[in-house]
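To start, the structure itself, in structure tokens.
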Amino acid sequence: MHFQILEDTANALVEDGKGILAADESSGTMKNRFGSIGVESTEENRRNYRECLFSTEGVDEFISGVILYDETIRQDSSGGIPLIDILTHKGIIPGVKVDAGLKDLSGTKSESVTEGIDGLGDRLAEYRDFGAKFTKWRAVLKIGSNTPSRYAINTNAHALARFASLSQEAGLVPIVEPEVIMDGSHDIEACFDATEATQREVYYQLAFHSVHLEGTLLKPNMVLSGKSAVTRADAEYVAERTITCFKRTIPSAVPGVVFLSGGQSDEEATVNLNAINQRAKSSCAPWKLSFSFGRGLQAAPLKAWRGMSDRNDKLQQAFRHRARLTSAATRGMYEPSMENDNPS
Ligand code: 13P
């Protein structure tokens with residue numbers, strides 16, 4: 001097995017001050033994102049948007065890697081250059097989402113399982129030939145009166161471990177993403193319990209499948225109050241609960257944790273990431289704590305762009321600004337006043 005290559009890639013993805021842009025939205029999700037700015041989700045519009053995002057000058061100071069969607073890894077820029085090459089020329093590491101999305105989990109009323117293991121070995125070989133160095137698989141667990149169930153946690157953790165093992169066999173670093181989603185009115189302790197139970201099972205299954213932890217990254221949710229909770233825990237408490245939960249569940253062999261933003265506003269996700277990193281220093285947490293944000297990095301650029309090619313520079317400015325602030329949060333050096341320093 002190519003352990004050294006896996007470890008080098010995993011470590012490079014969480015290099016100091018850098019994190020990942022998740023740009024792997026499926027075409028269905030892009031329809032919603034573009035819908036919010038009044039743009040039609042055609043293949044050409046998706047290409048133009050992502051080409052512009054990836055070409056942003058200076059973001060390689062803050063962005064270590066980009067997660068692509070299957071369509072994007074096969075796409076050329078308007079000038080005929082593979083989009084993946086725009087990234088590699090900047091020293092940004094390309095990765096790809098390899099799961100096939102959520103399906104209803106039989107035997108449950110409302111839970112899901114992520115599919116995509118069938119034929120995964122062949123797809124991984126193809127992605128590696130395109131130049132991908134890492135992969136991502138997302139499982140979703142919901143908090144409700146009786147959920148997440150043990151059954152849903154176990155089934156999803158098993159699939160994550162199968163994915164991780166196949167990915168490493170193909171020489172690709174797996175980003176293991178068990179997301180406890182923030183929808184609901186639950187308090188932060190319910191999120192703590194669900195996240196703890198989920199991550200325990202994930203690491204049990206990764207060990208059972210002989211996954212080389214030093215060549216993996218975890219992409220978890222932060223431990224948060226539900227989105228519609230009456231009172232929401234503040235950033236200091238989010239940081240305390242998140243680090244306490246992770247110390248119980250994530251082995252120190254794992255080089256890094258790259259959070260999803262998960263429907264928090266970009267500013268909220270940045271404030272929380274900053275507090276988590278400040279807390280990590282004082283409590284000697286063993287892993288790098290960085291980001292793999294989708295909405296947390298793209299909400300502002302999308303809004304600035306509005307589908308107009310004469311606003312490409314606004315898109316890039318907004319992306320560079322968000323990337324700089326999120327990077328500062330990985331060092332615990334973000335200040336809310338920095339939100340206003342966007343040079344226009
Ligand atoms: P968000 O940061 O928008 O949650 O997206 C991250 C991601 O890749 C979800 O799979």
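Below, all heavy atoms of this structure are taken into account, side chains as well, without hydrogens, waters or symmetry copies. Note that ligands are numbered from 1 as they come in the structure, with each ligand's atoms numbered from 1 the same way.
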Among Arg295, Arg138, Arg50, find the residue that satisfies the salt bridge (Lys or Arg N to Asp or Glu O under 4.0 Å) test when tested with Glu25. Arg50
Look at ligand 1 and say whether Lys136 reaches it with a heavy atom at a distance under 4.0 Å. yes
Please work out whether the ring planes of Phe208 and Tyr204 are parallel, tilted or perpendicular, with thresholds of 30° and 60°. parallel
Give the C-alpha distance, both sets of side-chain angles, the deciding distance and a yes or no for side chain to side chain donor-acceptor pair (under 3.5 Å) between Ser327 and Thr330. CA-CA 5 Å; Ser327 159; Thr330 66; 4.6 Å; no
For ligand 1, which part of Arg295 has a heavy atom less than 4.0 Å away: the side chain, the backbone, both, or neither? both
Between Glu51 and Ser78, does any side-chain donor sit less than 3.5 Å from a side-chain acceptor? yes
Looking at atom 2 (O) of ligand 1, what's its closest protein heavy atom, distance included? Ser261 OG, 2.5 Å
Suppose I only count heavy atoms of Phe293 and a 4.0 Å limit; which atoms of ligand 1 are within that range? 2 (O)
Do the side chain of Ser112 and the main chain of Leu102 share a donor and acceptor less than 3.5 angstrom apart? no
Quick check on Lys219 - does any of its heavy atoms sit under 4.0 Å from an atom of ligand 1? yes
Could you list the atoms of ligand 1 found under 4.0 angstrom from a heavy atom of Asp24? 8 (O)
Glu44 and Tyr49 side chains, donor-acceptor separation under 3.5 Å: no
Within ligand 1, which atoms have a heavy atom of Ser292 less than 4.0 Å away? 6 (C)
As an exercise, identify every atom of ligand 1 less than 4.0 angstrom from a heavy atom of Ala22. 8 (O)
Have a look at Trp137 and tell me which of Thr114, Ile175, Leu166 forms a side chain to side chain contact (heavy atoms under 4.5 Å, CB included) with it. Thr114
Counting only heavy atoms, which portion of Ile67 has something under 4.0 Å from ligand 1: side chain, backbone, both, or neither? neither
Are any of the side-chain nitrogens in Glu111 or Lys142 under 4.0 Å away from the carboxylate oxygens of its partner? no
Gly294, any N or O under 3.5 Å of ligand 1 N or O: yes
Phe246 and Tyr203: aromatic ring centres closer than 6.0 Å? no
Would Ala269 count as a contact residue for ligand 1, given that I'm defining contact as a non-hydrogen atom of the residue lying under 4.0 Å from a ligand atom? no
Where on Glu177 is there a heavy atom closer than 4.0 Å to ligand 1, on the side chain, on the backbone, on both, or on neither? side chain
For Gly262, atoms of ligand 1 separated by under 4.0 Å from a heavy atom: 1 (P), 2 (O), 4 (O)
